Amino acid sequence: MKAFEALESNVRSYSRLFPAMFSRARGSIMFTEDGRRIIDFFSGAGTLNYGHNDHTIKAAIAEYLASDAVVHGLDMATPARSEFMETFSSVILRERGLQYRFQFTGPTGANAIEAALKLSRKVTGRQNTISFTHGYHGMSLGAMAATGNHFYRAGSGVSLSGATFMPYDGYLGPAVDTADYLRKVLLDKSSGVDAPAAILVETVQGEGGINVGSRQWLRSIQTIAKDAGALFIVDDIQMGCGRTGEFFSFEFAALSPDIVVLSKSLSGYGLPLSMLLIKEELDAWRPGEHTGTFRGNNLALVSATAAINIYWRSRSFSQGVQHIGGLMRNRLEAIAAGHRNSFAVRGRGMAMGFDCQMAEIAEAAARKAFDKGLVIERCGPDDQVVKFLPALTIDLETLNQGLDIFEQSLAETLK
Ligand SMILES: *Cc1c(COP(=O)(O)O)cnc(C)c1O
C-alpha cells in the first residue's frame, strides 16, 4: 500500500476507506492480495449490477478483442454500435412502449448530465435547471451546480450557477407534498425562480441518502415540467439498469421522461459507457455539437449488448431483483427493530439504505464490517446512511452472510 501513500494524490478515497490490495473479483466476491475473501455490497456505486467479471459478458469482450474488431473509432459507424442500439431498442425500449434516440456522450455520467442540460437549454432557450435537495449529478461544473452536497460544491472553487434547488419528496416531512411548492413557484412568474429549461431528478437519490421519490410525487414532477415548458430529465445513472427491480427506475410510476441519462451499469462489466435517451422531437443537436473522444467505446458497447441479451430478454431477472429486494428490506427492518427502531430503513428494489441518524455510528459500523469481510459504502448529507447495493446477481447465501456481518458490526458499534 506504500505506493498509494507516497505517489497518489490526497484525493484518493476508496483506498483509504477499504485499505486492502484487491487483486481479483468474481460475482459478489473480491479477493485481496493477502488472501482475504470480501463480500461486495458496494458494486462500484452501482456500476456492477451484474457482479464482477460476469463470465458470459467477458467471453463476448474477449471474442471481440480476439477478432481485431475496431475498439476505438470516435463515433464512426461500427457493427458493435448498431448492434447495441438495435438490441437496446427492441429488448428494452419497444418492450416498454418507449421510443428514444441514442446519444453516446463522453464516458462519465457527469458528461452525460452536461449534455442533457445543454440540450435542454438549447431546446427551450432558457438557462435555469430545477434540481433537488441532496441530489447528486456529478463533478463537472454544470452537473455540480445541480448537486446539493456542500463538500463537493465547496471543492469547485467557482460560483456554481444555473440551478435552483427545490425540496425533494419527503424533505419537509411526510405531511408536506413538496411538489405543491414547486408547482406554485413555477407557475407564478414573479416567484423569483427563473423559468427552467429542465427539471432534473433521481427517482431514488443514491448519493443523497437513498431517499425514495413516491410514484405520486414523481408523476406530479413530470406534469409540472410539462406545464412549465421544461424538459423532464431522469438521472438514472445509479438507479437504472435493474437496480430498483425494473430496467428503468421510473417504470413503476409509468413516467415518460424527455431525456433519460444512463451510465454506471450500462456496460454491464464496469467499462465506461454513458448515454442519453432523447425523445426524437427534442433531438435539436447539430452534428458534432457535443463531442468527446471516448463516446460509445466499442468494447463497452459489446459488453452492454451482451448484458442485455443475458439478463433482460425475460421478465425473470426483474422478478428476482424484486424478490431479493424484499428479503433485504425485511432483514434490515428486523435489524432496526432490534435496536428499538432508532434507525430508518429506506429504498426500492435492491437499493436499500439503513439510516443510522448519526455519522459516527454509520462510519464505525461500515469500518467494522470491512474488517469482517464486507465492502459497504455510506451516503447521505452527513454520510450517516449505510448503503446496500449488492450485485443484482448475488446468491442468497452470500447476501445473508453480508447482512449477518452488518448486523454484528452494528451491534458491536452500539455496545
Ligand atoms: C455516479 C453518478 C453520477 C456521476 O457519474 P460519474 O460517472 O461519476 O461522472 C451522476 N448522477 C448519479 C445519480 C450518479 O450516481
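Every number for a ligand or one of its atoms is a count from 1 in the order of the listing. Predicted model, so just to flag it, every value in this text is computed and none were measured.
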Give a yes/no verdict on a cation-pi contact between [X] and [Y], requiring under 6.0 Å between NZ or CZ and the six-membered ring centre and an angle within 45° of the axis.
X      : Y      : value
Arg12  : Phe4   : no
Arg295 : Phe104 : no
Arg153 : Tyr136 : no

- Query: Tell me: protein heavy atom nearest atom 2 (C) of ligand 1, and distance?
  - Reply: Lys264 NZ, 2.5 Å

- Message: How far is atom 5 (O) of ligand 1 from the closest protein heavy atom, and which atom is that?
- Response: Gly109 CA, 3.3 Å

Between [X] and [Y], what is the ring plane arrangement, given parallel below 30°, perpendicular above 60°, and tilted in between?
X      : Y      : value
Phe42  : Tyr14  : tilted
Phe132 : Trp217 : perpendicular
Tyr311 : Tyr50  : parallel

- Note on the structure: Here the atoms of ligand 1 under 4.0 Å from any heavy atom belonging to Asp235 are 10 (C), 11 (N), 12 (C), 13 (C)

- Note on the structure: Per-atom filter on ligand 1: closer than 4.0 angstrom to a heavy atom of Ala110 are 4 (C), 5 (O), 6 (P), 9 (O)

- Message: Is atom 8 (O) of ligand 1 touching the protein, meaning some protein heavy atom lies under 4.0 Å away?
- Response: no

Tell me the contacting part of [X] for ligand 1: side chain, backbone, both, or neither, using a 4.0 Å heavy-atom threshold, strictly below.
X      : answer
Met239 : neither
Ile237 : side chain
Glu207 : neither

- Task: Using distance alone, decide if ligand 1 has a nitrogen or oxygen within less than 3.5 Å of any nitrogen or oxygen in Ser263.
- Result: no

- Item | Donor-acceptor pair, side chain of Arg121 and main chain of Gln127, under 3.5 angstrom | yes

- His137 to ligand 1, any heavy atom closer than 4.0 Å: yes

